[in-house]
Amino acid sequence: MLIALGVTLLFGIMRVVNFVHGELVMLSAFVIWYIGVDQGWPMWVAIPVAIAMAAGIGVLSQKYLFKPLQYEMLNCFIVGIGASFAIRSASWAIFGPEPQAIPAMLPGVVKLGGVFMAKQRLLAAGVCVVLAIVLYLFLHFTKPGKAMRAVEQDREAALLMGINPESVYVTAFMISAALAAVGGAMLGSVFGVDPEMGAEPLLKSFIIVQIGGMGSIAGTVLAGLFIGVADSVTGTLLGGELAFIIDFAILMLILIVRPKGLFGYDV
Amino acid sequence: MLLEVSSIAISYGTAQVLHGVSLTVADGETVTLIGANGAGKTSCLRAISGLEPLTAGAISFDGERIDGLTPRQRLERGLVHVPEGKRLFPRMTVRDNLAMGAFLRSDANAVRSDIEAMYARFPILKARHGQAAGSLSGGEQQILAFARGLMARPKLLLIDEPTVGLSPLMVKELSAAMRAIHADGVAILLVEQNAAMALRLATRGYLLETGACVAEDNTKALMANDYVRKAYLGV
Amino acid sequence: MTIARRGFVALGTAAAAIGMGSRPGLAADKTIILGCSIPLSGPAAPTGITTQRTVEHAVELINAQGIMVGGDRYTIVPQFYDNKYIPAEAVTVVEKMLADGVKYLFSTGSGNSVPVVGKTTEAKVLQLSGASGKDHLTGPKFPYSFRVQPTNETAYAVYPWVKTAFPNVKRVAHMNPSDEAGFTESEDRRMISEKNGFTNVGNEYFKRGSTDMYPVATRLVGFNPDLIDFGGTIGRDQGLACKALRELGYKGHILLGYSDAKSFVDIAGPDAAEGALLFDTLAEPQTPEQHEIYDWWIKKYGAPFPSYVFLMWDWPFILADGIRKAQSVDPVVVAEALRTTVHHGIFGEERFGMKSVYGIDCSLTRQIPMSIVKNGKPAWLATIDWPAGV
Amino acid sequence: MKLALPALIVLLLALPLGVHNQYFLHVMIVIGINVVMAVSMWLLGITGLISFGQAGFMFIGAMTTALLTKDLGWPFWVALPLSATAAGLISAPVGRLSLRVKGVYFFLVTLAFGQVVAGVFAYFENPFGGWYGIRDIPPPQPAALFRTLDKTAFYYLALALVLVTCWIIYRISRSWFGTVLWSIREGDLLASSIGIDVPSSKLVAFIVSAFFAGAAGSLYASYYGYISPLVFTFEYSVNVLVFIVVGGFASMAGPISGAVVLTLVPELFRVTGKYQMMAFGLILVGSMLLMPQGIIGAWQKLVPPRGGR
């Protein structure tokens, strides 16, 4: 869901489908693992370093990959796919075949209404909600945040207000990448770290963003919950295989009936 | 002269849309640019505010060459463009739209009092201040667009087609608003298809046809001109 | 122009790479090309990477000695191709090998091995697979196809052992990835566990590489089993599933294989992993030979040591033995020799067997090491002999 | 220039006479299948819509051929048109529903459709083979020509399918109907304002494109002899889109050249083993940055086209 937030930011504002996003999640998780686990530094060092690195890569990819393509959607899509193939493949070569694990920051499980939940998962959910709120506040109540929304809603009008869209794009890439890094920290501690870890969450978050409505933070959070619950419910009731079909059938229906997404606005 | 545009030209790809247009606006003056659809009026405004690069000619503002500057730098000098089709931020509140108008200003307190002043001048905005701009009626949106433009404390307001698609009653209200802006000492360069209204508002006018200036005079004389009467005033 | 020129440079480099790659193929008088079709990218990459590293080292040792056939000394030249675990890619890889005159093919993963076995049989190429499979991969129809690692068949050895080691276990549930390997594993394991008197209470599939294991875990727990067999589940999925099961309050046994014990524990977490039974997994080296391999990996690639290395270690030696025994490099002759070759490898006596099941001796049989997770660490538990009569 | 196309066709026809490397012929057949897929996706693509369900329609075609030829023993030559028709028939209701949405939403609906197709085929072991897939699909008749180790006949079959597909789709894209499709790309409203029935035009393009995807699937099934849900994945649809974008949208030569180049180039890197995907990724990035308009765009810059499109 955290990753979806990053996706919604970029996709909503710039209509850029950034396939590298999943790879940022993965690289950040590896950085955190390397600094925090392998080298034994404390987590409060490892996570900020990963965030800084991800933000840096975000800015670089904006500058050297997406800006030269003028944010043309299909071209960006292909470049992203290419870059993510290359990064993933290089990661296998560099990190080797062994998946790594980031130890849970909150080990153990709690019992919630008869269901056991790992505390780490609750922590991840909590972090996600907090960041969603922070992001919401940022976009609605700060000047750079408002500028970002202005560019999303009407790029030219924003230009006439004296906003420089390019610098807004840089900020958007940076924040989105930083969110990916936090996502990497959470995913890594729940699911382990390996070069493929970013792929599925990215596809999922893309779907979440669509259902939630592009660029809508509340929509993204709600859709994330909705998808998560729907996944678990169908999976639990019908078994993995049938759930796989039903999930996508539901997705098709939702999109056909409400093409703007469940919580989307009219564009 | 506040604004001096001298023989500017613009091309989109291979098509030249402006061929050497020149015009001036003095401090506090209201000037109108009339002409048929596609005559190049909007392109002219877009060139002045920096949305379109020039292929020839020069633009000065307040005695300074501005045709190399970014839209942002022109805005800083007091040149504000209220674009065609309102171009509000539809999913921001009325208040936020006003605040965006003052994006470059860092005097938070003055901005706040300016917003209050806008509310006082246009009570409808106050009544709608928490609503999304996209949910306003066409006329309300146009008023918001004016107000947003004024939030930058302009010396010159470029206004593009404010009355398109509005009821006669609304057109009247907008004329009143523009008169009030003019009364505050803000110069206006108004592009309008509704030539009759534009000529009544302005003191001088330019007639643009297929990318070139074909007539320039004070508005009384233009209104009296036979060609203008036949072609644009429909009498 | 610059674009065109750059394009040509890229093509030129690629062409040069091709030339380099196929050179050993041209000078094949004293070398045996061993084409390896393995997943080197994508979710299945860990097995492929481990396999490549292991085979490279094993071949080094074999070549140091050489394979004497008649008066000629042969060495093995392995070539590694990425099949990405996509059947169409695997077919292209094999087409390339056939065109290059490769006579010995190694392939991991049943999704990659099954689609090509018809071709290799017709081309009389010896195909060795490290994959789950049944009569659609090996059998009288495919006389040159061998499986070098007991996979689904380990169940023949493991379930009788479970019966004696854990007499309380009665109800068994199965979990498998939804693909060729998962289907094969599931069918065989259900059949074999029932033959051994266990009750099958549930059978679930999940999408390989999926991160959310809670739905499948919830269903499995609902069957109230005494033992959950992870079957063809590999890699990260094992740790995640185990963690989910324990979090949902599952108290019974968990049985899994093909695993790297250390990363399994890391991902599942030591508490959740505690007590898990690892079949055909050698958590820690027991014999000097195993120690040697272990030390080599740690020295060259560092910790952790993937226990999958042990499973991929012996087969190149068996192939070399077979060629020596056949005194020929003709795959048809070597195939017949392989059927009677007995190799003393790191798991003791190893031979191709299972004629009783497949009608032809084609699947490797050997001792099966069992491990258990104890105090957060994998530990050796038992070594099971291959059951007689299978 | 006028002679270039006939010369190319003659060259392709003569190829197996001079080249006996079966791997090369295999790669040519793979290219053929990819070209048919790319061109069929492109036809819908010129309206500005990208369907990620192409692999799904391909799967439907492949499955139809597998069931007809293996279970019922029908000849391939009957199964091929029936498979394409089956894909076309199923695409009609799917298109009617999914074409109600636009842009990225259409991406997603068709993506979901592809997953549903794979899921359904995977779920029902009988008759679809489940995750095992179906193996031993018989080759076309006469079996003496279509052999596992001699691909000449398959090569001509693939070539024929490519030529027929390209010819038909080229005619469509150049016809009045093609002009209609191009104009839809410029905007639905604009197109409907000049009297074009936008929904039906899109639907027809969707059906035609599914029809040829089905034909490609049929060829795939009889050539490989083995199909499974692991083959016709969402990733394959993405690959086809990559062919088109790297090739260029501007003309039909785009998807064709994209499919040819992007099938050949990874083969050149095959010997690099674990670095193959890395090289492929870098090639994609490089080609987009250097040729944002695709191969065709770059070509037209080098050699300005004479006359219009």
Side-chain angles (χ1 to χ4, degrees), chain A residues 11 15 17 19-20 23 61 64-66 68-70 72-93 199 203 206-207 209-211 213-214 238-261 264 267, chain D residues 45 48 50 53 94 96-124 130-131 229 234-235 238-239 241-246 249 258 274-294:
Chain A
F11 192 63
R15 303 284 181 272
V17 184
F19 250 77
V20 188
E23 274 30 82
S61 66
Y64 294 108
L65 291 182
F66 297 110
L69 294 174
Q70 286 150 7
E72 183 65 41
M73 191 154 121
L74 281 178
N75 292 18
C76 289
F77 185 73
I78 306 292
V79 159
I81 289 180
S84 90
F85 277 168
I87 294 174
R88 230 182 274 170
S89 213
S91 307
W92 281 116
L203 187 65
F206 188 60
I207 292 170
V209 169
Q210 300 267 311
I211 290 195
M214 286 189 284
L238 306 168
E241 275 186 289
L242 204 54
F244 179 72
I245 310 176
I246 301 286
D247 282 355
F248 278 102
I250 292 176
L251 175 66
M252 267 176 86
L253 278 182
I254 289 180
L255 286 171
I256 289 169
V257 177
R258 272 215 61 136
K260 302 288 187 314
V267 182
Chain D
I50 299 298
V94 174
R96 260 199 80 93
L97 284 176
S98 59
L99 286 167
R100 289 168 51 178
V101 300
K102 283 176 202 147
V104 271
Y105 298 106
F106 182 75
F107 272 32
L108 213 64
V109 173
T110 48
L111 182 158
F113 167 75
Q115 302 284 32
V116 170
V117 170
V120 167
F121 285 161
Y123 188 71
F124 295 101
W131 286 102
F234 151 69
E235 284 83 359
V238 172
N239 267 355
L241 173 64
V242 171
F243 296 153
I244 303 182
V245 179
V246 170
F249 258 101
K274 60 183 170 182
Y275 301 110
Q276 191 192 3
M277 281 307 274
M278 213 185 300
F280 184 60
L282 292 177
I283 288 169
L284 286 189
V285 173
S287 73
M288 274 294 100
L289 291 179
L290 295 174
M291 306 182 290
Q293 300 302 315

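Residue numbers begin at 1 in each chain, while the letters A, B, ... track the order of the sequences. Quick note: numbers below take in every heavy atom, side chains included, and nothing from hydrogens, waters or symmetry partners.
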Enquirer: Does any backbone or side-chain atom of D:Phe113 lie under 4.5 Å from a heavy atom of chain A? Answer side chain, backbone, both or neither.
Expert: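 Both parts, backbone and side chain.
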Enquirer: Can you find a pair of side-chain heavy atoms, one from A:Phe248 and one from D:Leu111, that are under 4.5 Å apart?
Expert: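 Yes, side chains in contact.
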Enquirer: Considering non-hydrogen atoms only, spot the tightest contact between A:Asn75 and D:Pro292 and give its length.
Expert: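 Heavy-atom minimum between the residues: ND2-O, 2.9 Å.
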Enquirer: Indicate the atoms forming the closest heavy-atom contact of A:Ala93 with D:Tyr275, along with that distance.
Expert: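 Looking at all heavy atoms of both residues, the closest pair is CB-CE2, 4.4 Å.
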Enquirer: Check D:Leu289 against A:Pro68 and note the closest heavy-atom contact, atom names and distance.
Expert: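 Nearest pair, atom of D:Leu289 first, then A:Pro68: CD2-CB, 4.3 Å.
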Enquirer: At a heavy-atom separation under 4.5 Å, does D:Val246 approach chain A through its side chain, its backbone, both, or neither?
Expert: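 Only the side chain of D:Val246 comes within 4.5 Å of chain A.
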Enquirer: Rounded to the nearest 0.5 Å, what's the gap from CG on A:Leu253 to CG on D:Leu97? Could you check?
Expert: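 If I round to the nearest 0.5 Å, the distance is 8.5 Å.
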Enquirer: Which of these, A:Leu65, A:Val79, A:Leu74, sits in a side chain to side chain contact (heavy atoms under 4.5 Å, CB included) with D:Met288?
Expert: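 Answer after filtering A:Leu65, A:Val79, A:Leu74: A:Val79.
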Enquirer: Which pair of non-hydrogen atoms, one from A:Ala90 and one from D:Met278, has the smallest distance, and what is that distance?
Expert: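 Reported closest heavy-atom pair: CA-CE, 3.6 Å.
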Enquirer: Measure the spacing between CD1 of D:Ile50 and CZ of A:Phe77 and express it to the nearest 0.5 Å.
Expert: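 D:Ile50 CD1 to A:Phe77 CZ: 9.0 Å, rounded to 0.5 Å.
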Enquirer: Would you mind checking which part of D:Phe106 comes under 4.5 Å of any heavy atom in chain A, side chain (CB onward), backbone (N, CA, C, O), both or neither?
Expert: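 No part of it gets close to chain A.
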